[in-house]
Amino acid sequence: MTLITGSTSRNADTEAPLIAALVERWSPRAYDPDAVVEPETIRTILEAARWAPSANNVQPWRFIVARRGSEAFTTVHDALLGFNQTWADSAAVLVVNIAETVDESGGARPWARYDLGQAVAHLTVQAQHEGLHTHQMGGFDAAGLHAAFALDPSLEVVSITAVGVLGDVDALPDPLRQREVAPRRRKPLDELVLAG
Ligand SMILES: Cc1cc2nc3c(=O)[nH]c(=O)nc-3n(C[C@H](O)[C@H](O)[C@H](O)COP(=O)(O)O)c2cc1C
């Protein structure tokens, strides 16, 4: 078991040994508002997404990559709901995760959202490996973003990933700061395996 002790460690208390990026990955809300993620690193994490498996190798994932300071970042940030707006403005990049849920002949792609989620998982693990942190969000106005970027009807905006460099927890407003240091919990492995 890989464990790093200390009050700032958010490492997973795993029931079996895992690769470092999985142990160390967690979803912070405190990001360094001045940190810049190099274009090469953004390319690397997108490359990790690109090599995710997908049903029939359809690769139905699409992304909008909005760097802090850009017009696109403002558009994506404006679409965030509730407390997501208060912390995500410090992320270096907001990645909009989009699934192509309809094929060329108008048929449904039932695995598109599943495939997108897997690509995003790849991205988060690679980002962690690159020394970055990520935080996925479902709390945003998906229809508003779809319209703002004039997306094709075959595309569905599913989630947003904040990507950035870990910042100062104490800079967060109190309710968010408390969440940031609350214990990380998971159901026991035994509860997840229904048979076998
Ligand atoms: C699809 C999805 C939607 C999420 N939506 C939000 C959100 O809107 N706001 C937020 O602060 N966290 C959101 N989260 C983060 C989860 O709360 C977080 O991943 C979970 O509590 C586990 O914590 P960990 O990632 O640090 O292990 C979301 C995560 C996922 C995967």
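Just so it is clear, the values below take in all heavy atoms, side chains as well, and ignore hydrogens, waters and symmetry mates. Please read these numbers as outputs of a predicted model, since none were measured by experiment. When a ligand or atom number is given, it counts from 1 through the structure's own listing order.
One hydrophobic cluster, built from ILVMFWY side chains closer than 4.5 Å, holds both Met137 and Val96. Note on Ile45 and Trp61: same hydrophobic cluster, where clusters join Ile, Leu, Val, Met, Phe, Trp and Tyr whose side-chain heavy atoms are under 4.5 Å apart, directly or indirectly.
A cation-pi arrangement is present between Arg179 and Phe83, with the terminal nitrogen or guanidinium carbon under 6.0 Å from the aromatic centre and inside a 45° cone about the axis.
Residue contacts with ligand 1, taken as heavy atom pairs separated by less than 4.0 Å, do not involve Ser159 at all. Contacts with ligand 1 closer than 4.0 Å are made by side-chain heavy atoms of Phe83 only, the backbone lying farther away. Residue contacts with ligand 1 for Arg179 are absent, since no atom lies close enough (heavy atoms, distance under 4.0 Å).
In this pair, Trp111 and Tyr114 present their aromatic rings perpendicular. The plane angle is above 60°, beyond the 30 to 60° band. Between His133 and Trp26, the ring planes are perpendicular. Angles over 60° get that label, and only those under 30° would be called parallel.
The Gly139 neighbourhood of ligand 1 comprises atoms 8 (O), with distances under 4.0 Å to a heavy atom of that residue. Heavy-atom contacts of Arg184 reach the following atoms of ligand 1: 24 (P), 26 (O), 27 (O) (cutoff under 4.0 Å).
Just one of His129, His122, Glu130 meets the side-chain hydrogen bond (donor to acceptor under 3.5 Å, both in side chains) condition when paired with Gln126; it is Glu130.
A 4.5 Å side-chain heavy-atom check between Arg109 and Asp115 finds every atom pair outside the cut-off.
Evaluated by nearest non-hydrogen atom to atom 30 (C) of ligand 1, the leading choice among Arg29, His135, Gln136, Arg185 is Gln136. Between the choices Thr124, Thr134, Asn84, the shortest heavy-atom distance to atom 7 (C) of ligand 1 belongs to Asn84.
Here Arg25 contributes atom CZ and Thr124 contributes atom OG1; the two are 6.0 Å apart, rounded to the nearest 0.5 Å. Remark: Glu100 CD to Leu116 CG distance equals 11.5 Å, nearest 0.5 Å.
Closest to atom 5 (N) of ligand 1 among all protein heavy atoms lies Gly138 N, 2.8 Å. Ranking the protein heavy atoms by distance from atom 25 (O) of ligand 1 puts Ser27 OG, 2.5 Å first.
Note that atom 1 (C) of ligand 1 has no protein non-hydrogen atoms nearby, at separations under 4.0 angstrom. Taking a distance limit of 4.0 Å, we find that atom 16 (C) of ligand 1 is approached by no protein heavy atom. There is a protein heavy atom less than 4.0 angstrom from atom 10 (C) of ligand 1. Checking atom 21 (O) of ligand 1 against the protein gives no heavy-atom contact under 4.0 Å.
At least one heavy atom of Arg186 sits closer than 4.0 Å to an atom of ligand 1.
Residue Glu71 places its CD atom among 12 or fewer non-hydrogen atoms of other residues, nucleotides or ligands, all under 6.0 Å distant.
At a 3.5 angstrom cut-off on N or O pairs, Trp26 does not count as close to ligand 1.
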